[in-house]
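Notes follow the structure.
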Protein chains: 2
Amino acid sequence: MARKTKEEAQLTRSLLLDAAERLFSERGVARTTLNDIASAAGVTRGAVYWHFQNKTDLIHALWDQAVLPLEASFEELLQTMPNDPLGRLRAKAITVLNEVVHNDRTRNFMSIVLLKCEYVEEAGGWREGYLTKRAECLTEITGDFKQAIELGQLTDSVDPQFAAVGLFSIIDGLCFHWLMNPSLFSMEKQAQKYIDTYFAGLASAG
Amino acid sequence: MARKTKEEAQLTRSLLLDAAERLFSERGVARTTLNDIASAAGVTRGAVYWHFQNKTDLIHALWDQAVLPLEASFEELLQTMPNDPLGRLRAKAITVLNEVVHNDRTRNFMSIVLLKCEYVEEAGGWREGYLTKRAECLTEITGDFKQAIELGQLTDSVDPQFAAVGLFSIIDGLCFHWLMNPSLFSMEKQAQKYIDTYFAGLASAG
DNA sequence: TGACATACATACAAGCATGTAGGTAAAGTA
DNA sequence: TACTTTACCTACATGCTTGTATGTATGTCA
C-alpha cells in the first residue's frame with residue numbers, strides 16, 4: 001500500500017481518535033483493543049503505533065481533542081457576560097449538561113470519563129492528567145464564585161471552594177445518572193432546574 | 001494440601017471476597033486478575049473457580065456483600081424516625097457520605113462502583129444488576145420525598161422524582177470527587193452542609 | 001531525478017489471563 | 001472403616017493483546 005500525503009496522514013490520525021472515542025464509549029477502555037480501533041478506522045495497528053506511542057498516549061490525545069469544544073464555549077460565555085459571574089456559572093453548567101445530550105463528542109467523552117474507564121494510579125497513567133485538569137476547572141469555578149461574592153451576588157457566608165465543589169459534583173452526578181440510564185429523567189428539560197435549585201440553596205445559605 | 005472443613009471453606013470464600021474488594025479498589029476491576037485475588041487470599045485460582053463461576057460471578061457476590069451494611073443502617077433510620085421522611089432522607093444521605101469516609105468496606109465499594117470499573121452492556125455483565133439496584137434505591141428515595149410532600153415538609157410544587165434524582169446525583173457526585181481526590185475537601189465536615197444546601201434549594205422551589 | 005523520509009502494513013515473539021481437566025488428601029458419612 | 005464428596009492445587013491448552021522489527025511503496029525535497 002502506498003504512502004499518504006501529510007494531510008491524509010492527519011486524517012488517519014483523526015479517524016483513529018474518532019474510532020477510539022466511539023469504541024471506548026461503547027465497550028469501555030479496557031475492553032477495547034488497539035486492533036479494534038485500527039480496524040474501525042480502516043487501518044492496521046501499524047498506523048496506531050505510528051501516530052501514538054501506545055494506548056495511554058492515545059487516550060491523552062483523545063482528552064486534548066475532546067475538551068476543546070467545552071473550553072471554547074466557556075471562553076465564549078466569559079465574553080458574553082463579563083460582569084455576571086453567577087450567571088456565567090449557571091450558563092456554563094447548563095451548557096455542559098446540554099452538550100452531553102446534544103453533542104456526540106461531549107457525550108462520548110463524558111461517558112468514557114464517568115462510566116467507561118478505571119482510575120488507577122500507575123506510572124504513565126492518565127489519572128494524573130485528569131486530576132490536574134479537574135483541579136484547573138475547579139479553580140476556575142471557584143474564581144467565579146469568589147467574584148460573585150465580591151459583587152454581592154451571593155452572601156459572603158458562602159465559601160467559594162465549597163460552592164464550587166458542590167456545583168462540580170452535581171454536574172458530574174447528573175451526567176453519571178443520565179448516561180447510566182437516559183430514560184431516568186429528561187436532562188434537557190430539567191438541567192437548568194437542577195442548577196437553579198442548587199443556586200437557590202446557596203443563596204439561602206447559613 | 002488438605003481439605004478444609006465447611007467453616008474453613010466459608011472463610012476462604014470470605015477471604016477471596018475481601019481480597020477482591022481491596023484489589024479492585026486499588027488496581028481497578030479490569031487490571032485485577034483472578035490470580036492476584038487468589039494470591040492475596042493465600043490460595044490459588046482453583047479456590048476461586050471452586051467458589052465462583054468466574055470473575056463476573058465474583059463481582060455479583062461482592063456486590064451483595066457490600067450493599068448489606070448500607071441497607072441495614074437505612075432500615076435502622078426508618079425505624080428511628082418513622083414520621084419524618086425529610087429528616088430520614090437527610091440522615092440517609094449523610095450516613096452514606098460518612099460511611100464512605102469511615103467504613104473501609106463502603107469506601108472500597110463506592111470506589112469500585114464510581115472509579116474502578118467500566119459499565120459496558122454485555123451478556124452476563126453486571127451493569128444490568130447495578131441498574132436494577134439503583135432503580136430500587138431511587139424508588140425508595142422518591143417514596144420518601146412523596147411522603148415529605150404529603151406531610152407538608154415540602155411544597156407540592158416539588159416533583160419527588162426530580163428531587164430524588166437530584167439527591168442521588170449529589171451524593172454520587174460528591175463521592176466521585178472525594179474518592180478521586182480526598183484532599184480536595186473534607187467530606188466529614190461538609191457532607192451535611194451540602195445536603196442541607198440542596199434541601200434548602202428544594203424548599204425555596206419554584 | 002535520485003536519495004531520503006514518511007506512513008503505514010505485515011510478521012513475529014512473548015507474556016498473560018482464562019478456562020478446564022485431572023490429581024489429591026482430608027472431611028464427612030453410612 | 002470404607003466409601004464418597006469436598007475443597008482445593010497443579011498442569012496444560014488456548015486465545016488474545018501488546019510491542020517491536022522489518023518490509024515497502026510512495027511523497028518530498030534538493
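Naming convention: chains lettered A, B, ... in sequence-line order (proteins, then strands); numbering from 1 in each chain.
We find that CD1 of Ile37(A) is positioned 11 Å from P of dT17(D), with the value rounded to whole Å. If you measure from atom CZ of Arg13(B) to atom C1' of dT6(D), you get 16 Å, rounded to the nearest angstrom. Between Arg31(A) atom CZ and dT18(D) atom P there is a gap of 13 Å when expressed in whole angstrom units. Leu11(B) places its CG atom 13 Å from the P atom of dA7(D), with the value rounded to the nearest Å. In this structure, CG of Asn35(A) is placed 16 Å from P of dG15(D), rounded to the nearest angstrom. Between Glu7(A) atom CD and dT6(C) atom C1' there is a gap of 15 Å when expressed in whole angstrom units. Asp36(B) has its CG atom 18 Å from the P atom of dG15(C), to the nearest Å. Atom-to-atom, CH2 of Trp50(A) to C1' of dA9(C) comes out at 13 Å; the value is rounded to the nearest Å.
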Nucleotide N/O to protein N/O under 3.5 Å, stretch nucleotides 19-21 of chain D:
unit_1, atom_1, unit_2, atom_2, d
dG19(D), OP2, Tyr49(A), OH, 2.5
dG19(D), N7, Arg45(A), NH2, 2.5
dG19(D), O6, Arg45(A), NH2, 2.8

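The only member of Asp36(A), Asn108(A), Leu62(A) that meets side-chain contact (heavy atoms from CB on, under 4.5 Å) when paired with Phe24(A) is Leu62(A).
For dC8(C), one of the phosphate oxygens OP1 or OP2 lies less than 4.0 angstrom from a side-chain nitrogen or oxygen of His51(A). OP1 or OP2 of dC8(C) sits under 4.0 Å from a side-chain N or O of Lys4(A). Side-chain N/O atoms of Thr12(B) include one lying less than 4.0 angstrom from OP1 or OP2 on dC8(D).
Classified by interplanar angle (parallel below 30°, tilted 30° to 60°, perpendicular above 60°), the ring pair Trp63(B)/Phe109(B) is perpendicular.
In this structure, the nucleotide among dA9(C), dC9(D), dA7(D) sitting nearest to the side chain of Lys6(B) is dA7(D). With dT17(D), dG28(C), dT6(C) as the candidates, the nucleotide lying closest to the side chain of Thr33(A) is dT17(D).
Residue side chain Arg3(B) reaches the base of dA27(C) through a donor-acceptor N/O pair under 3.5 Å, judged by distance alone.
Applying the salt bridge (Lys or Arg N to Asp or Glu O under 4.0 Å) test to Arg45(A) and every residue at least two apart in sequence or in another chain returns nothing. Considering only residues two or more places apart in sequence or on other chains, Tyr198(A) meets the ring-ring contact (aromatic ring centres under 6.0 Å, His included) condition with none of them.
When ring centroids are compared, Phe176(B) and Phe176(A) stay outside the 6.0 Å threshold.
For the pair Thr44(A) and Tyr49(A), the minimum side-chain heavy-atom distance is 4.5 Å or more. The shortest side-chain heavy-atom distance between Phe52(A) and His60(A) does not fall under the 4.5 Å cut-off.
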